[in-house]
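First the proteins, then the strands, lettered A, B, ... as listed; each starts at 1.
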There are 2 protein chains.
Amino acid sequence: MDKFELKRQAYTAKIAEYVLHHGISGASLRKMADAAATSDRMLMHYFKDKSDIETRVLTAISEELMDLLNENLALRLGFRDFLLFIREAIKDQRIKPYLNLWFEVTHLATGNKEPYVTVMQEIGKSFEQWIDRVYAPAPDENGPQLAALLFVITEGLVVLDRIEMQDRMVRAIDGMIGLYDQAKGIRG
Amino acid sequence: MDKFELKRQAYTAKIAEYVLHHGISGASLRKMADAAATSDRMLMHYFKDKSDIETRVLTAISEELMDLLNENLALRLGFRDFLLFIREAIKDQRIKPYLNLWFEVTHLATGNKEPYVTVMQEIGKSFEQWIDRVYAPAPDENGPQLAALLFVITEGLVVLDRIEMQDRMVRAIDGMIGLYDQAKGIRG
DNA sequence: CGCTTTATGTAGCAGATGCTACATTTTAAT
DNA sequence: ATTAAAATGTAGCATCTGCTACATAAAGCG
């Protein structure tokens, strides 16, 4: 591998670490440079411009998130257990920074400004694929529909968690499980 | 009413209009001043500082949203119809700017920075109350639980809409309605 | 009318931001 | 060793940021 490319990746990784915990909208060249233990001048040497840095950093972060999600590849859960699992995962301090950043990028994507749109959709799709892999539909269930429902509920729970409505999260999940159990009772 | 106060409210209204459609993080004093057809100097005369402007503007906007939501006070919907209603409401171009702004504020609230935290929670609660008012639980339903579930699903749908996954929105709603109908089928 | 308070204009400061020009050192290739 | 190329340092520019000092104009009030 190119020496230049290696160094660029090293910088990218350090900046990604910073951005993940401090957000991207306030990340100026000088702050990024500090985080990477270098100067803004050097960043301009290794990257085309600021937007180039952002693209590479966000891409790196979204790949990290994919790896994180794919950690438990063996995990396979039914609808009910998936909900309970998600409720815990949202609290996971390793995952939260990614959710925060995704929030930010999702907002920045308003107005179709790149690279935010692309990154946002990539993360969205990764997440969806992860659900498809983990959620194991029962034979009588409409898998695609319930997977989409789990996606929606997960996103909703993330929002509720952010606005400090943890009690409603619990209530909503209980409501969902109640309906699910009731539906299953039909052909029990 | 005080003349000073009147003028301040006029400025607040004009800035609110701007912020609603352009976001708040990029709204500098000079841009706000342009939007209000005045100078930054004048803004500092009528407001304490920038944070004072933001607080008043965001408060005004969240009250606007409440009015918007309360437009159809007579509306009362069952679980099923509520879902269908929400699916349409999210597309409503009058409502979208508020959802966008709420997204932004929700992110800005990370780190407990005022006035964002307060505004965010106020809007969240207004929205919840609105659901409580519109959603009419059937006699055999656990109202609070299903209301919370509708809240979560609504928020989730908003996110999906933002990341251009409208097809999954439809699928998720179909899934939810399917489960609901199935659950209801028990006691027909 | 005179006088005090209020409203508005003009300039600018001090810091941050993205980026660049210019110079120098270090490394690599012949 | 010579020389071309790559890496790094130092300064700074132009713009934007929140905010202020200092002035003048206008409006209200006796």
Please tell me if the side chains of Thr12(A) and Phe47(A) come closer than 4.5 Å, counting only heavy atoms from C-beta onward.
yes
Whole angstrom is fine here: how far is it from [atom1] in [X] over to [atom2] in [N]?
| X | N | atom1 | atom2 | result |
| --- | --- | --- | --- | --- |
| Lys7(A) | dA7(D) | NZ | P | 8 Å |
| His45(A) | dT25(C) | NE2 | P | 17 Å |
| Phe47(A) | dA7(D) | CZ | C1' | 15 Å |
| Asp52(B) | dC19(D) | CG | C1' | 14 Å |
| Leu6(A) | dA7(D) | CG | C1' | 15 Å |
| Met32(B) | dC16(D) | CE | P | 17 Å |
| Met42(A) | dT26(C) | CE | P | 13 Å |

Distance-only polar pair, side chains of Glu104(B) and Tyr116(B), donor-acceptor under 3.5 Å:
no
Would Asn70(B) and Arg133(B) count as having a side-chain donor-acceptor pair, cut-off 3.5 Å?
yes
Protein within reach of the bases, or only the backbone? For nucleotides 25-30 of chain D, mark each nucleotide 5' to 3' as B, S or -, using heavy atoms under 4.0 Å.
---S--
Could you run down nucleotides 16-22 of chain C 5' to 3' and tag each one B, S or - for protein heavy-atom contact under 4.0 Å?
-BBBBBB
I'd like to know if [Y] and [X] are part of one continuous hydrophobic network [Ile/Leu/Val/Met/Phe/Trp/Tyr, side-chain heavy atoms within less than 4.5 Å].
| X | Y | result |
| --- | --- | --- |
| Leu179(A) | Ile177(A) | yes |
| Ile123(A) | Ile95(A) | yes |
| Phe103(B) | Trp130(B) | yes |

Restricting to non-hydrogen atoms, name the atom on Ala172(A) and the atom on Val152(B) that form the minimum distance, rounded to 0.1 Å.
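Minimum heavy-atom contact is CB-CG2, 3.5 Å.
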For Ile61(A), run the side chain to side chain contact (heavy atoms under 4.5 Å, CB included) check against Ile15(A), Val105(A), Val119(A), Leu101(A) and tell me which one passes.
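Running side chain to side chain contact (heavy atoms under 4.5 Å, CB included) over Ile15(A), Val105(A), Val119(A), Leu101(A) with Ile61(A) returns exactly one hit, Leu101(A).
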Show me the pairs that pass ring-ring contact (aromatic ring centres under 6.0 Å, His included) and involve residues 152-173 of chain A, at least two apart or across chains.
none
May I ask you to verify if any side-chain N or O of Tyr46(B) is less than 4.0 angstrom from the OP1 or OP2 atom of dT6(C)?
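For Tyr46(B), the contact criterion (side-chain N or O under 4.0 Å from OP1 or OP2 of dT6(C)) is not met.
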